Every structure is written in C-alpha cells, then in structure tokens.
Amino acid sequence: MTPAEAQKRIAELRAEVSRHDERYYRQAKPEISDFEYDALKKELADLEGQFPQFARADSPTQLVGDDRVQGFKEVAHRQKMLSLDNTYNEEEVRAFHTRLVKLLGRDDLRYTVEPKIDGLAVSLTYEQGRFVRAVTRGKGDKGDDVTANVLTIASIPRELKGGAQAKVPDIVEIRGEIYLTAAEFERINAERAAAGEELFANPRNTAAGTIKQLDSTEVAKRKLSIVLYSLGHCEPRVVESQADLHGRLQAWGLPGVERIWHAQGIDEAWAAINALDQLRRSFAYGTDGAVVKLNDMALQREVGSTDKAPRWAIAYKYKPDTARTRLKAITIQVGKTGILSPVAELEPVFLAGSTIARATLHNEEEIRRKDIRVGDLVEIEKAGEVIPAVLKSFPEERPAGAPEFDLPAAVGHKCPVCGGKIAKLEVADEEAQGVAWKCQNYDCSAQRAGRLGFFCSRRALAIDGVGGVVAAKLVELGHVQDPPDLYEVALETLATLNLGTAEEPRVFGEKNATKVVAAREAARALPLEKWLYALSVPDVGESTARELGRRHRSFAELTDSKLLQAVLRRDALELERERDGPASKKNPPKDEVDKERRKARRVEIDAELTALNGGILAGIPSDIGPAVAASTVDFFTSEPGRRLLGKLAKLGIDPQGTVVTAGRFTGKTFVLTGTLPTLKREEAEQKILAAGGKVSGSVSKKTAYVLAGEEAGSKLEKAKELGVAIIDEAEFLKMVQG
Ligand SMILES: NC(=O)c1ccc[n+]([C@@H]2O[C@H](COP(=O)([O-])OP(=O)(O)OC[C@H]3O[C@@H](n4cnc5c(N)ncnc54)[C@H](O)[C@@H]3O)[C@@H](O)[C@H]2O)c1
Ligand SMILES: [Zn+2]
C-alpha cells in the first residue's frame with residue numbers, strides 16, 4: 001500500500017468507525033456486529049501503526065467511545081474510566097504477559113480472570129458509605145449523571161455494609177456494568193410485540209437505551225440489573241488486590257460477578273479463559289469475553305495506563321457463536337412504509353442455545369456484497385443479537401448454476417403481499433438506510449397493518465394491545481383500512497376477534513377489548529403533534545411532528561400551512577441561485593436586475609418566516625427543512641392524506657397544536673447547566689419555550705442567559721469568558737413571572 005492509499009483508507013476507516021461509535025454509544029442502535037466493528041478498528045490501528053505520519057491523537061483508536069447525550073448533567077470522575085485493550089487471539093494474550101514481565105522485571109505474576117460483561121459501564125460513588133451518585137463512562141474523564149435512573153435498580157444498596165473485615169472507605173468509586181437479564185429482555189420485547197412496537201435487537205442496547213431515558217418512571221418499568229467488578233478512586237486506599245476487591249464488594253453488600261479465576265502465570269490464565277467460556281452461558285448477564293487483570297494493585301499502579309486503557313489488563317473476546325447451514329430460500333417481508341426486506345429461510349440449526357430457522361439479510365446490496373445465493377451453504381452468527389445474521393456464503397460449495405439473487409425478480413416485480421407496483425427508492429428512516437425496494441401501494445395490507453400498529457404504539461397514541469397480530473387481523477378481516485377506522489370497530493367485534501385458527505381459536509377477549517376502547521377514547525385529547533406522528537406522514541418523525549405541532553393550531557391550519565409554503569418558496573430560490581452558480585469574474589451575474597429581485601424576495605420570505613415563527617426564530621425551524629415541508633404538503637393533498645383527514649373530521653377528532661406565540665422570552669436563547677434547587681431541567685425548558693424563548697446546548701455570544709445550578713461545569717466557564725448573563729433559579733422564576 002502506498003502512503004497515499006493508506007491515507008485515504010485511514011480517512012475512510014475513521015469516518016466509518018466514528019459513525020458506528022455514534023450509533024453504538026449514543027443511540028444504542030448498532031448496525032454491525034461487534035466482531036465486524038472490531039475488525040474495522042483493528043485495520044485502522046494497524047494502518048496507523050504502519051504509517052505513523054497519519055496517526056492522530058483524536059483518532060477513534062486513541063479515544064474512549066463517548067456515550068454522553070443531551071439532557072443529563074455532566075459529572076467528572078475522580079479517577080478516569082478507561083476502556084480495555086482487546087484481542088481475539090491467544091498470542092496477544094501471551095504477548096501481554098511478556099510485556100508486563102519486561103516492564104516489572106519479574107516473572108512471578110499473578111492474574112485474575114473475570115467474565116467480561118456485555119452491558120454498559122457505570123461508576124457508583126459512595127461517600128462515608130452512602131450512595132451518592134451514578135455516572136456513565138462518558139468520554140472517560142466525565143460522564144452523564146444517571147443517578148435517578150440507577151436508583152431504580154433494586155440490588156444497589158443505599159449504604160455499604162461495614163465490618164471489621166471490610167472497612168468502608170471514606171470515598172470510593174466502584175465500577176461495573178448495567179445489564180438486562182435474558183428473561184427481562186424477553187418480557188420487554190413480548191410487551192412491545194403485543195403493542196405493535198419495533199422489537200429491541202439485544203439486551204445490551206436495550207439496557208444502554210434505557211439508562212439514557214430522561215424519565216426515571218419509564219426506566220423503572222424495565223428491571224435493570226447491575227454487576228460490579230472494579231475500583232476507581234478510593235480514599236483511603238484499603239484494597240490491595242483484584243481478588244481482595246471481589247471479596248470486599250461482597251462484604252459491602254454489592255452484587256458481584258458469579259466467578260473469578262486466580263491464575264499464576266499466563267498458562268493458567270489461558271486455561272481459565274477457556275474454563276470461563278464453558279460456563280459463561282449460564283450467567284445472568286451476557287458476556288463477550290474474559291478480562292485478565294494483574295492481581296496486585298501496587299503492581300497495577302506501577303505499570304499504569306495509557307490515555308485509553310490500563311496496561312495491567314487485557315480483554316480476550318470470544319468469537320461470536322456461528323454455525324453452518326443451508327439457505328433454503330429468501331423470502332420477502334413488507335414493512336409499514338412498504339420497504340421489502342429479505343429474510344433467510346434456513347435449514348434449522350442449533351446455535352447458542354436455540355434452534356434457528358430464519359436470519360436477517362439486511363438488504364439487497366448486502367446480499368450482493370456477500371454473494372449469497374439460494375441453495376448456498378452459509379455461516380450464520382448469533383452475537384448477543386437476538387436476530388441472527390448471515391455472515392457469509394461458501395461459493396466453492398455452491399450447487400452448479402445457482403443464480404445470483406435478484407430481489408425484484410424473486411417477487412415477480414410486484415409486492416409479495418398486495419401485488420402492487422414496486423420501485424427502488426432512496427430511504428432514510430428507522431426501518432432502513434440507503435436504497436431499498438418499496439411497495440408503492442399505500443393500501444397494501446402489510447402497510448396498513450404496519451401503520452395501524454404504529455398508530456397504537458406507545459410513542460404515538462398509546463392504545464396498548466393493538467400491534468403485531470392484532471393489527472394484522474383487523475386489517476385482514478377488513479375492519480380497518482386506515483388507522484382512524486379503529487374508532488369504528490365495535491367493542492363486541494374486538495372482544496370476539498379470533499387471533500388463532502378456526503380449529504384452535506384464540507380470542508382477543510372482553511378485557512383487552514375494553515382497554516382498547518378506553519385508550520382510544522383517551523387518545524382523542526392528545527395534541528396535534530402526537531396525532532401527526534401517529535398518522536405515519538412520510539419524513540415526519542417524532543421531533544419533526546413536535547415542531548410542526550408547536551407551529552400549527554390544527555390539521556386544517558397545517559394542510560394550508562403558510563410556514564411550509566414559505567419554506568418551499570425559499571428553497572426554490574436557493575435552487576435558482578445554485579443553478580446560476582456564484583457570481584465571479586469568469587461567471588458574471590447574467591442579469592443584475594434578476595439578482596436584485598431574487599435578493600429582495602429572499603429578504604421578504606425571511607421576514608415572513610420570522611413572523612410565522614412568532615418572531616422567535618429567523619429562517620427555517622431546524623426540524624422543518626424543505627424535504628419535510630414538501631412531503632408534508634404532498635401527503636395532505638394526496639388521496640390517502642385527504643381520506644385520513646376526512647375520517648378524523650367525521651369522527652369529531654380535531655387535535656389542537658400547542659402553539660407558542662411571542663412571549664416575554666421571544667428572541668432570547670437560554671443555556672441550562674448544573675442542577676437547579678427545585679426545578680427539573682425539563683420544567684425549566686418548558687417555561688422558557690412557553691414564553692417564546694429558545695434553549696440551546698452550548699454557550700455562544702448569542703446566548704442571552706445561562707441558567708446555572710449546582711455543579712455547573714464548563715458551560716459556566718464559557719459564559720463568564722464571553723460575558724453572558726448568568727442567572728440562578730430564583731432570578732429565573734422572577735423573570736418568568738415578570
Ligand atoms: N457494533 C458496533 O457498531 C460497535 C460500535 C462501537 C463499539 N462496539 C463494541 O464496543 C467495544 C468497545 O467498547 P469499549 O470501549 O467499552 O471496550 P470494551 O467493551 O471492549 O471493553 C471495555 C469495557 O469493558 C467493560 N467490562 C465488562 N466487564 C469487565 C470486567 N470484568 N472488568 C473490566 N471491564 C469490564 C467495562 O465497561 C469497560 O469499559 C468494541 O470492541 C465493540 O465490541 C461496537
Ligand atoms: Zn404491497
């Protein structure tokens with residue numbers, strides 16, 4: 001590889017790895033398996049090693065993955081929380097030992113070998129034995145304060161048990177992993193399936209997503225668990241070794257790992273790694289490896305850490321469980337937006353505790369890239385993920401003449417559910433990214449059932465019980481075409497709905513039906529933003545729906561939206577300007593008069609936009625770009641859109657927008673930092689928005705006020721630096737009251 005090629009590849013890999021980091025740490029929605037991710041990262045690290053001229057301190061290989069998100073208070077760790085060096089091979093575990101022998105100048109090293117828990121890292125602080133705080137790893141030196149959420153975990157003692165054997169330190173940071181048990185994970189997913197909500201992919205992401213919810217009553221509905229295994233700052237230093245730590249954790253009353261192994265030298269450590277592999281599937285938490293740690297803490301301190309990981313520990317990661325089997329067929333499923341997704345139908349095979357007959361194939365591109373054909377011998381992987389994936393095929397063992405997979409041909413160039421037209425389109429939503437084949441028929445029964453389930457889901461109208469099978473049945477029997485038709489289904493019909501077969505009936509039941517009726521009536525009072533989201537308007541996600549709902553009073557106002565029209569007109573102007581290109585000597589403005597006219601029109605539209613935004617915002621609201629504006633306008637003028645609105649009107653459903661008009665904070669941007677004495681962050685934000693103000697996450701010269709509470713961090717510094725007004729809660733409340 002030439003340096004130029006290396007530089008290019010390094011740039012590609014950094015972008016790729018950063019994208020996966022964002023999805024994994026912040027959104028808890030990874031796209032690829034850890035094994036694939038680790039391979040990308042290793043390629044990057046190897047290249048940076050070979051071409052040190054391109055190494056950079058801010059490369060993802062040098063940093064701890066950052067999990068911090070908006071809405072939480074930031075807290076510094078007394079001692080940094082680090083990652084671990086990891087490897088998939090035995091030689092590197094042995095090399096780790098050789099390195100330590102050299103560094104310490106002795107070869108009588110003792111290790112502990114512990115399970116590597118696949119959850120998310122958290123640090124608990126106890127002061128004078130009392131639990132005070134829980135903070136995520138964040139970017140290593142500081143993380144998000146998730147105390148309220150962590151307090152929902154029953155097994156965390158509020159007070160450490162003391163005793164002669166295990167004196168409680170004055171201040172101690174104890175690190176561990178938050179996880180979901182398999183049973184709890186399945187319970188949550190079963191509930192989501194019943195409510196027609198998208199299923200979570202695996203326990204780790206679900207736990208990570210849960211801990212980052214802002215509402216701890218929501219968190220309490222999912223039973224999170226915790227296991228503790230390592231020490232941060234400790235004052236006074238009472239713990240002598242890793243083995244000693246595990247003993248003390250137990251004595252203090254903290255939940256610890258099921259088992260640790262003590263090893264003298266690396267051969268014993270390697271044997272322990274293998275012994276752990278035999279046992280780990282019986283543990284309460286998911287594990288993805290073993291962690292080998294130097295036992296003696298004095299020696300740990302002697303070798304120290306890099307910026308990213310301790311030198312005294314290494315994680316050996318087990319390869320994900322894989323199996324080989326035959327791909328019998330590729331079937332196609334149709335989702336709520338009409339996307340056709342391929343599913344692998346397999347010769348059933350036993351893998352990691354269950355029999356697998358189906359696996360995901362992601363999309364057409366992926367099938368082509370991996371050259372997977374019907375009839376192939378394939379390798380499937382189950383890596384903590386509940387939905388197994390097809391990793392690769394073995395073309396050398398392919399039956400002669402097996403044709404390449406051709407998605408449109410496989411479905412006879414029509415939707416496998418409704419027989420409607422299909423087309424290849426750019427998609428970017430929760431279901432898929434990139435290009436996908438879509439069923440074009442809005443009235444496709446698969447799409448109808450998908451939309452009905454979504455309409456009733458928790459985030460939309462929260463009509464529990466109408467998801468998955470129930471939604472499909474209501475559509476199949478012709479009771480529901482469009483989601484609002486649910487209001488016309490009689491209690492009796494719901495109660496007697498047969499979800500089983502004629503031979504083995506299984507009815508929905510009176511009790512469930514009564515709940516649905518109550519929930520649908522309650523939903524009538526929900527605001528415009530919820531209804532807008534619930535109706536599956538293309539391109540309108542939750543935050544866009546919220547923005548639109550705050551800027552329109554009703555569906556009637558929205559369908560004739562001055563704001564959306566202004567956004568579209570401004571976009572048309574932009575396009576005109578782009579088409580003409582920037583004026584320069586080479587490209588003199590073709591028509592001065594025209595240019596001036598355009599400028600004037602733009603000023604006019606901007607003024608109009610500002611006025612439409614209640615004077616709060618100049619220009620286009622962040623979540624309402626031209627694409628959103630176009631699809632919203634298109635949808636409500638299309639036949640299905642008009643039909644939906646007609647049905648709502650007939651039902652007397654007329655949800656109200658929560659319009660923010662100009663108020664005392666119009667034109668003022670606030671930044672919140674630290675903990676306020678009485679107001680919750682959301683409450684303060686609500687007050688600002690209700691008075692026409694804006695809330696921003698970072699301090700700039702444009703910030704009007706920084707509302708600071710206790711333990712305010714860098715934002716306060718910044719405000720002082722820029723001379724921005726700093727107010728406390730009392731002053732803020734006075735301003736609100738005027
Ligand atoms: N699939 C993806 O897109 C994607 C993206 C980013 C990261 N990842 C995964 O995350 C890994 C990187 O995450 P990471 O930086 O947290 O590293 P890591 O998970 O490989 O190891 C470090 C972490 O292990 C945890 N841990 C669990 N048991 C432990 C024990 N007994 N002792 C000490 N620590 C223990 C700690 O939280 C520690 O922070 C990658 O290797 C990859 O597997 C996946
Ligand atoms: Zn269809």
Side-chain angles (χ1 to χ4, degrees), residues 16-42 60-61 63-67 80-88 112-123 136-140 143 175-179 201-202 204-205 208 227-231 242 245-246 256-260 276 285-293 308-310 312-317 320 332-340 383-385 411 414-422 437-450:
E16 185 76 1
V17 169
S18 301
R19 191 168 69 81
H20 291 303
D21 281 345
E22 171 73 22
R23 291 193 64 92
Y24 181 86
Y25 292 110
R26 292 229 174 87
Q27 304 173 7
K29 266 191 178 172
E31 248 169 49
I32 55 171
S33 73
D34 290 354
F35 188 63
E36 289 171 292
Y37 170 87
D38 290 335
L40 285 176
K41 205 153 169 182
K42 182 155 193 323
T61 54
L63 299 169
V64 175
D66 192 350
D67 67 37
K80 257 186 153 190
M81 283 180 88
L82 299 175
S83 178
L84 285 170
D85 286 334
N86 70 54
T87 176
Y88 283 88
T112 58
V113 176
E114 310 168 359
K116 180 169 186 306
I117 297 112
D118 196 14
L120 75 145
V122 70
S123 178
T136 66
R137 192 174 80 186
K139 63 181 188 63
R175 272 83 194 257
E177 210 84 355
I178 292 180
Y179 68 95
N202 65 45
R204 192 240 157 231
N205 302 336
V227 47
L228 299 153
Y229 50 69
S230 108
L231 190 67
Q242 196 59 29
L245 173 71
H246 285 284
V257 296
E258 258 102 338
R259 243 199 100 163
I260 67 162
L276 169 59
Y285 33 77
T287 52
D288 59 353
V291 189
V292 183
K293 296 178 182 171
K308 201 190 165 200
W312 46 264
I314 191 167
Y316 174 82
K317 293 229 211 169
I332 307 293
Q333 283 182 346
V334 184
K336 129 176 144 67
T337 56
I339 291 174
L340 309 188
E385 266 101 329
V411 291
K414 54 187 197 313
C415 170
V417 175
C418 71
K421 269 206 201 123
I422 59 171
W437 286 92
K438 270 178 126 173
C439 162
Q440 298 287 85
N441 171 19
Y442 184 80
D443 290 316
C444 171
S445 59
Q447 293 189 47
R448 279 182 174 166

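Since the structure is predicted, the reported quantities are computational estimates derived from the model, not experimental observations. For ligands, and for the atoms within them, numbers begin at 1 and follow the listed sequence.
Minimum interatomic distance between A121 and M81 (heavy atoms only, all atoms of both residues): CB-CE, 4.0 Å. The minimum heavy-atom distance between R137 and V64, with the atom names listed, is NE-CG1, 3.1 Å.
Taking the six-membered ring for Trp and the full ring otherwise, Y316 and Y88 have centroids separated by 6.0 Å or more.
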Q. Under the side chain to side chain donor-acceptor pair (under 3.5 Å) criterion, do D21 and Y37 qualify, and how do the steps go?
A. CA-CA 9 Å; D21 281 345; Y37 170 87; 2.5 Å; yes
(Q) For Y285 and R204: C-alpha separation, side-chain torsions, deciding distance, then whether side chain to side chain donor-acceptor pair (under 3.5 Å) applies. (A) CA-CA 9 Å; Y285 33 77; R204 192 240 157 231; over 6 Å; no
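Residues passing the salt bridge (charged side-chain N to carboxylate O under 4.0 Å, His left out) test with D66 are R26, R68, sequence neighbours excluded.
Protein neighbours of ligand 1 below 4.0 Å, counting non-hydrogen atoms: H20, D21, Y24, Y25, P30, I32, S33, D34, Y37, D38, L82, S83, L84, N86, E114, P115, K116, I117, A121, R137, E177, Y229, V291, K293, K317.
Atoms SG of C439 and SG of C418, as seen from the Zn ion (ligand 2), are separated by an angle of 100°, to the nearest 10°.
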